[in-house]
Amino acid sequence: MDNPPAGIDRAAPVVARHELTIRAPATAVWGLLTDVPAWPSWQPDIVSARARTPLTPGATFHWRTAALDIASTVYAMEAPRLILWGGPAQGIVAVHQWTLTSSGPAATLVTTEESWDGAPVRADAANIRQALDDSLAQWLGHLKTAAEKPR
């Protein structure tokens, strides 16, 4: 992987960021985020997801959401603290970062931020920004629900 991004593209035409405290240890939240094939079981916006190898920098995984078939590459990973992935889908170049910060033994501050660039994004940045913003908020909410569910 030549010159992977070190973070989201803060200069991209569309950038969204959300954070939320989840009442679960970082390792539990991390487990949900990195078990790609299980995403559809707790994230109803994802229709399918598969990873043929464990997530490590350079690994690619495939998923489908909002009528988009996406192949994402892991750019960076520091378990259970940070994962950065991204790639192109229908002319959109996305970079998505999740950061987990422990807030005690049973709480985690989860920050998700994503940048989008490409011709479709530049053509309708305001509407696409709202769609990305809504998507990240929903994903974070689903993650919170799944992580806080009694086991």
Side-chain angles (χ1 to χ4, degrees), residues 1 3-51 55 57 59-103 107-149:
M1 186 171 39
N3 298 320
I8 67 165
D9 179 359
R10 300 201 183 280
V14 170
V15 175
R17 181 182 190 280
H18 286 270
E19 66 181 28
L20 184 66
T21 297
I22 296 178
R23 291 184 316 272
T27 53
V29 177
W30 181 259
L32 288 166
L33 277 177
T34 58
D35 185 0
V36 172
W39 285 358
S41 71
W42 60 267
Q43 214 306 14
D45 301 325
I46 296 177
V47 177
S48 64
R50 71 183 193 286
L55 295 188
T60 298
F61 58 94
H62 302 266
W63 51 297
R64 182 170 175 78
T65 186
L68 292 174
D69 289 311
I70 302 168
S72 293
T73 299
V74 177
Y75 299 131
M77 189 168 166
E78 298 170 23
R81 194 187 79 68
L82 179 138
I83 187 163
L84 177 71
W85 70 64
Q90 294 185 329
I92 298 170
V93 177
V95 181
H96 194 164
Q97 180 169 303
W98 293 87
T99 307
L100 284 61
T101 306
S102 290
S103 302
T108 305
L109 176 65
V110 179
T111 304
T112 182
E113 35 188 0
E114 190 166 358
S115 61
W116 283 12
D117 200 352
V121 177
R122 284 183 239 112
D124 191 13
N127 285 324
I128 289 178
R129 182 176 297 108
Q130 186 62 55
L132 178 59
D133 194 60
D134 292 347
S135 173
L136 289 186
Q138 290 169 0
W139 196 336
L140 200 52
H142 294 309
L143 179 62
K144 179 178 176 66
T145 299
E148 292 179 353
K149 187 179 293 185

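If you read the sequence from its start, that first residue is 1, and numbering goes on from there. Below, all heavy atoms of this structure are taken into account, side chains as well, without hydrogens, waters or symmetry copies. Every value quoted in this text rests on a predicted model; they were computed, and no experiment measured them.
Using a 4.5 Å heavy-atom threshold, the side chains of Leu33 and Leu100 count as touching. Contact of the Leu136 side chain with the Glu113 side chain is not registered, since no non-hydrogen atoms from C-beta on lie closer than 4.5 Å. Thr34 is listed as a side-chain neighbour of Met77, based on a closest heavy-atom distance under 4.5 Å. In this structure the side chain of Asp117 reaches within 4.5 angstrom of the side chain of Arg122, judged on heavy atoms.
Between His96 and the options Trp85, Trp116, Trp63, a ring-ring contact (aromatic ring centres under 6.0 Å, His included) holds for only Trp85. The side-chain contact (heavy atoms from CB on, under 4.5 Å) with Trp139 is formed by just one residue from the set Ile46, Asp45, Asp134; it is Ile46.
Between Leu84 and Gly7, the closest heavy-atom pair is CD2-N, 3.6 Å. When all heavy atoms of Val14 and Ala125 are compared, the closest pair comes out as CG2-O, 3.6 Å. Contact between Pro120 and Gly91 at its shortest, heavy atoms only, is CD-O, 3.4 Å. Nearest approach of Ala147 to Ala24, heavy atoms of both residues: O-CB, 3.6 Å. For Ala12 against Ser115, the heavy-atom pair with the smallest separation is CB-CB, 3.9 Å.
Under a 3.5 Å cut-off, the side chain of Trp98 and the backbone N or O of Thr111 do not form any donor-acceptor pair. With hydrogens and angles ignored, the 3.5 Å screen pairs a side-chain donor or acceptor of Arg129 with a backbone N or O of Pro13. Put simply, the side chain of Ser135 never gets that close to the backbone of Ala131: no donor and acceptor are under 3.5 Å apart. No donor-acceptor distance shorter than 3.5 angstrom exists from the side chain of His62 to the backbone of Asp69, with no hydrogens or angles considered. At distances below 3.5 Å, not a single donor-acceptor pair connects side-chain atoms of Thr108 with backbone N or O atoms of Ile22.
Atom CZ of Arg64 sits about 15.5 Å away from atom CH2 of Trp39, to the nearest 0.5 Å. How far CZ of Phe61 is from OG1 of Thr73: 8.0 Å, rounded to the nearest 0.5 Å. If you take OG1 on Thr21 and CZ on Arg23, they are separated by 10.0 Å, rounding to the nearest 0.5 Å. To the nearest 0.5 Å, atom CH2 of residue Trp30 and atom CG of residue Leu82 are 6.5 Å apart. For the atom pair CG (Asp133) and CD (Glu114), the distance works out to 11.0 Å, reported to the nearest 0.5 Å. A distance of 6.5 Å separates OG1 of Thr112 from CG of Leu140, quoted to the nearest 0.5 Å.
When the side chain to side chain contact (heavy atoms under 4.5 Å, CB included) test is applied to Thr101, the partners found at least two apart in sequence or on another chain are Thr99, Leu109.
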